[in-house]
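Beneath this line is the structure, given in structure tokens, with notes to follow.
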Amino acid sequence: MNFIEELRWRGMLQDYTPGIEEFLNTHQPVRGYIGFDPTATSLHVGNLATIMLLVHFQRSGHKPYVLIGGATGMIGDPSGKSVERQMLDKATIERNQQAIADQLRRFLDFDSGENKAEMINNYTWLKDLSLLEFLRQVGKHITVNYMIAKESVKKRLESGISFTEFSYQLLQGYDFYYLFKHHNVRLQMGGADQWGNITTGTELIRRKLAVERGLAPLEDNFSEEVFALTTPLLTKSDGTKFGKSESGNIWLDPRLTSPYQFYQFWLNTTDQDAPRLVRVFTLFDKEKIQALEAEHAAAPHLRILQKALAEDVTIRVHGREAYQKAVQASAILFGNHPTEEINRIDEATLLAVFEGVPQIAIPRQALQNGIVDFLSIVTDYRIFPSKSEARKMLQGGGVSINKMKVTETSQLNNFSLLQNRYLIVQKGKKNYYLVRLLD
RNA sequence: GGGGAGAUUCCAGAGUGGCCAAAUGGGACGGACUGUAAAUCCGUUGUCGUAAGACUUCGAAGGUUCGAAUCCUUCUCUCCCCA
């Protein structure tokens, strides 16, 4: 199956410039790229969708280029942003680009075949481009009228946009031109929000080529030479943003989002969203997905689709071992385990399960305190910030210790300690704290 | 330049002298149900406090009053209409 067809049935095709399908079919391998700006120390699941574009691109025989936006990250993309961004300092950007480059290397084959992936950083060519050169080589070809017609800029004309961010599309456009010239890159891909930036690139290439070939722009037939393609921005059926949990972004970095939380994120996908997400984030083929959906429909409570999705994505991002631990932790935290059974877990496993969960150490004699004090002042206000809040939650039935509901009148002494020194405190359904007693 | 409307608790939006920590809806959080889903239902939602209550809120600063989100003055900002 060719690249475009693959994206189409997966619902990953938003927009593309004409002629692309034929070009991809008749040229093999075609070189295509996606840019990632180092604006954070890690990529998140939103980026994963565009990474999958590159994965499919490579699997269908083409040659993916991963562009690290070392230079563009210094400028700030106004797309989808309602206010000017904070500029990042160079040290931060350097750290970030190192981190996201390491992450990106895991998803593509950079080692073998004529279509092995390449990684490049636009800082290497943009750093030496002088202002004058830029204005003459790039700025001259694109009108301000054209630039402010772009959605990303138009939205900001009222509230304000700096010249720096306004220029962003030109830099990105120049990247495309540069890659076309020096690496014969023909296609730029990205999320739907990047359409404007990408087409600035195709437009710039068209105009520059016209000049280089001594033609008037309208006589050209260069539109057949470079292409743009975007994938829809993912949304959730309830209208909220995809890729966020109550605790914020879902990151690929295990230090920011533990593999357990990552696994849970996918596992908690609603029935409504799961079919779309399986198509985007796994490489399962059509038959396999249809089979999974049928299985799921037959026994929805088993959440076949969610489990398959969570397994596939967690393994791709964090590896099999981390996935297995996440499953094990989930089984313990959400399974119907009576206290005795939890008590049988050995200490090493217990600590592994609660990795990434806040751990609070208190003196053993502090157990003499009442439950409200225990949940607030004794645990240094880390479980509840005040006695009132602890009490409110207790009254609402939202607190468990060792998986047993507690009330204001519960006696701490009645709880058997796990491994003779741990208590599992649960606030609501999904917030855990491991309290360790010090002798 | 002229005329008008407004600024309320996370958001939207009632309230026009005491019954206002402030209706209602949304969101958030918790519970029940369930499948760690969705929908539904119930509870909580300024802070602290076992409670009684205390303290801080209704754009900002002053003032009137026993008492102000509500009345007066000034200021700041937002929106609309006409020119």
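Any value given below was found using the heavy atoms of this structure, including those in side chains, with hydrogens, waters and symmetry copies removed. Order of the sequence lines sets the chain letters (A, B, ...), proteins ahead of strands, with each chain counted from 1. Since we're looking at a predicted model, the values are computed, not measured.
Across all strands shown, nothing is found opposite B:rA38 as a Watson-Crick or G-U wobble partner with both distances under 3.5 Å. Nucleotide B:rC71: paired with B:rG63 (Watson-Crick or G-U wobble, both distances less than 3.5 Å). Shown here, B:rA83 forms no base pair; nothing in the strands shown gives a Watson-Crick or G-U wobble contact with both key distances under 3.5 Å. Base pairing annotation: B:rU50 forms no Watson-Crick or G-U wobble pair, as no partner gives both donor-acceptor distances under 3.5 Å. Pair assignment for B:rA23: none, as no Watson-Crick or G-U wobble contacts are both less than 3.5 Å.
Here A:Lys307 lies out of heavy-atom contact (under 4.0 Å) with every strand. Nucleic acid contact for A:Gln264: base, since at least one base atom lies under 4.0 Å from a heavy atom of the residue. Across all strands shown, A:Lys429 has heavy atoms under 4.0 Å from base atoms, whether or not it also approaches the sugar-phosphate. Using a 4.0 Å heavy-atom cutoff across all strands shown, A:Ser386 reaches sugar-phosphate atoms only and no base atom.
The ring pair (Phe, Tyr, Trp, His ring centres under 6.0 Å) test with A:His318 is passed by exactly one of A:Tyr263, A:Phe262, A:Trp266, A:Trp251: A:Phe262.
Salt-bridge check for A:Glu347 with A:Arg436: failed, with every basic side-chain N at 4.0 Å or more from each acidic carboxylate O. Ionic pairing of A:Arg8 and A:Glu5 is not present here: no N-O contact between side-chain nitrogen and carboxylate oxygen is shorter than 4.0 angstrom.
You'll find the side chain of A:Leu292 stays beyond 4.5 Å of the side chain of A:His296, heavy atoms only.
For A:Gln306 against B:rU36, a side-chain-to-base donor-acceptor contact under 3.5 Å is absent.
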